[in-house]
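Taking it in order: structure first as structure tokens, then the write-up.
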Amino acid sequence: MYDIDKIRADFPILSREVNGQPLTYLDNGASAQKPQVMIDAVTRAYSEEYSNVHRGLHFLSNLATEKYEGVRSIIARFLNAPTEDEIVLNSGTTEGINMVAYGWAAPRVGEGDEIVLTIAEHHANIVPWHFLRERQGVKLVWVEPDEDGSIPADKVLAAVTERTKLIAVTHCSNVLGTVVDVKAIKAGVGDVPVLVDGSQGAVHMPVDVTDLDVDFYAITGHKLYGPSGSGAIYCKRARMDEMRPFMGGGDMIREVTRDEVSYNDPPMKFEAGTPGIVQTIGLGVALDYMMGVGMENIAAHEAKLAAYAAERFAGLNWLNVQGHAPGKAAIFSLTVEGGAHAHDLSTILDKKGIAIRAGHHCAQPLMDHLGAPATARASFGMYNTTDEVDRLVEGLELCHRLFG
Ligand code: PLP
């Protein structure tokens, strides 16, 4: 049984009020709230266990190193990676994708080579590829969603040519909630590497990178109920061996002389400088918390919420939901034709203690495609309830009465 009351009680912020109303937190797509167990772990890491990691010979450095390094295996378990050595720890998806762009792609792409993307990518999975377009003449090949927001694997595969060097695709759109069948994409392209932006996907469903067989899978800690500034990217061992280091500095070297440098073994080769020690420790605890609840259970709970929300929204004939792909995640981008602007919706809902996000959601090519400069996005997490959907609908109805 999914004990929603217990789960909600684990997140202290959910019991606070905002503007004199109980908080209804529906901005999980931007960042999720934190369970007490994670907050406690961060406090403990700073108050009892803190020192810099690696290289230290004293008690606290060894303890911090053990805690920090222990997270690699938690992430490997969370993603079902074949080995923990294929997990690069970092500050989040943005860093992970930039690492692949600079370290793996840049040395092997030239004028006219192609990178296949979907229009539904977050800027984090667009701008690093634009760098390669600007600097190395790479062509970006865009795949558009179907009318209902679906992004079929066949459509992505149809965009692949002999010049395709990489497919960079989201697992789950942060605007449409569409889930992309990245396993079918990888199965269809064979040797062409597939990078998956798992920022949203890993939050809402179990992920098994071994089964998906993708080459890179990036996650970001703050959406996974962990600290901001934490994250990781899974890289297939063969790709790691092909990848040059993205950032240089301490920890990633074996030896440095005046004339030469040699590198540490992967994954350390890709982890320069003092990392987000405590953030990473917190991420490990957050992922353990999610796995304790069970990713299948979280996915099932959110699927019920998504179905309920879709049904309630369908009853509001003045409200447009962007994206109706079958099996979509509980992420709803809303617009009101000729009525309230997304920012007005967000401001009025805030007065009711309801937190949603309004804007372009760092997905301007998609917004352009949708012909909507901004949407109001309600994005659900493991602790949300159908009562909160009802509160949102009440708030939207109030907006409609005020703005038409
Ligand atoms: N990709 C997607 C789909 C996202 O939703 C986000 C965050 O909003 C990102 C990438 C960027 O993640 P981060 O800022 O943690 O690197």
Side-chain angles (χ1 to χ4, degrees), residues 25-34 75 79 88-102 115 117-131 143 145 149 151 156 167-180 182 194-205 207 214 216-234 246-247 270 275-276 279-280 282-283 286-287 302 322-323 325 328-333 355-367 369-370 374-381:
Y25 189 77
L26 301 177
D27 195 18
N28 298 284
S31 203
Q33 297 299 347
K34 316 303 173 196
I75 296 172
L79 295 176
V88 177
L89 301 172
N90 59 27
S91 63
T93 298
T94 301
E95 185 180 338
I97 296 175
N98 275 277
M99 181 193 79
V100 176
Y102 281 91
I115 294 179
L117 309 171
T118 84
I119 280 282
E121 301 308 314
H122 185 281
H123 295 165
N125 198 24
I126 296 176
V127 182
W129 313 120
H130 265 310
F131 287 168
V143 177
I151 304 170
V156 176
I167 298 175
V169 62
T170 190
H171 199 184
C172 172
S173 160
N174 66 318
V175 176
L176 304 171
T178 303
V179 176
V180 179
V182 293
V194 175
L195 174 142
V196 180
D197 175 350
S199 303
Q200 302 289 342
V203 181
H204 302 294
M205 65 192 108
V207 172
V214 296
F216 304 99
Y217 193 100
I219 60 171
T220 202
H222 65 102
K223 296 183 205 286
L224 291 159
Y225 309 99
S228 57
S230 67
I233 183 164
Y234 158 76
F246 159 44
M247 287 202 294
F270 305 107
Q279 292 93 322
T280 301
L283 172 59
L287 296 183
E302 291 186 6
Q322 304 288 342
K328 72 175 256 170
I331 298 173
F332 293 89
S333 282
I356 62 157
R357 184 147 298 249
H360 56 60
H361 315 297
C362 296
Q364 285 180 337
L366 176 62
M367 305 306 282
H369 172 78
L370 296 173
T375 73
R377 182 186 68 185
S379 50
F380 294 79

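Heads up: numbering here begins at 1 and tracks the sequence. Counting convention: from 1, in listed order, for ligands and their atoms alike.
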Atom 11 (C) of ligand 1: which protein heavy atom is closest, and how many Å away?
H122 CE1, 3.6 Å
Which of T94, I97, T93 passes side chain to side chain contact (heavy atoms under 4.5 Å, CB included) with N125? It is I97
Closer than 4.0 angstrom: is that true for some heavy atom of N125 and an atom of ligand 1?
no
Would you say ligand 1 has an N or O under 3.5 Å from any N or O of T170?
no
Only heavy atoms of T93, strictly under 4.0 Å: list the atoms of ligand 1 that pass.
10 (C), 12 (O), 16 (O)
Side chain, backbone, both or neither: T220 near ligand 1, heavy atoms under 4.0 Å
side chain
Heavy atoms only, cut-off 4.0 Å: how does H222 contact ligand 1, side chain, backbone, both, or neither?
side chain
Looking at ligand 1, would E121 count as a contact under a 4.0 Å heavy-atom criterion?
no
Residues T170 and H122: side-chain donor-acceptor under 3.5 angstrom
no
Report the member of S228, S91, S31, S199 with the shortest heavy-atom distance to atom 10 (C) of ligand 1.
S199
Ring centres of H360 and H123 under 6.0 Å apart?
yes
For F270, run the side chain to side chain contact (heavy atoms under 4.5 Å, CB included) check against V88, N90, I233, L89 and tell me which one passes.
V88
Using a 4.5 Å cut-off on heavy atoms from C-beta on, say whether the side chain of L224 contacts that of S230.
no
Show the atoms of ligand 1 that are less than 4.0 angstrom away from any heavy atom in Q200.
3 (C), 4 (C), 5 (O)
Checking a contact table here: which protein heavy atom is nearest atom 14 (O) of ligand 1, and how many Å away?
T94 OG1, 3.6 Å
Atom indices of ligand 1, in the order listed, that fall short of 4.0 Å to a heavy atom of K223
4 (C), 5 (O), 6 (C), 7 (C), 8 (O)
Heavy-atom side-chain proximity of T118 to V180 below 4.5 angstrom:
no
Per the side chain to side chain contact (heavy atoms under 4.5 Å, CB included) rule, which among T178, I331, V203 passes with C172?
I331
In this structure, atom 1 (N) of ligand 1 is nearest to the protein heavy atom D197 OD2, 2.5 Å
Heavy-atom distance under 4.5 Å between the side chains of I75 and I219, does that happen here?
yes
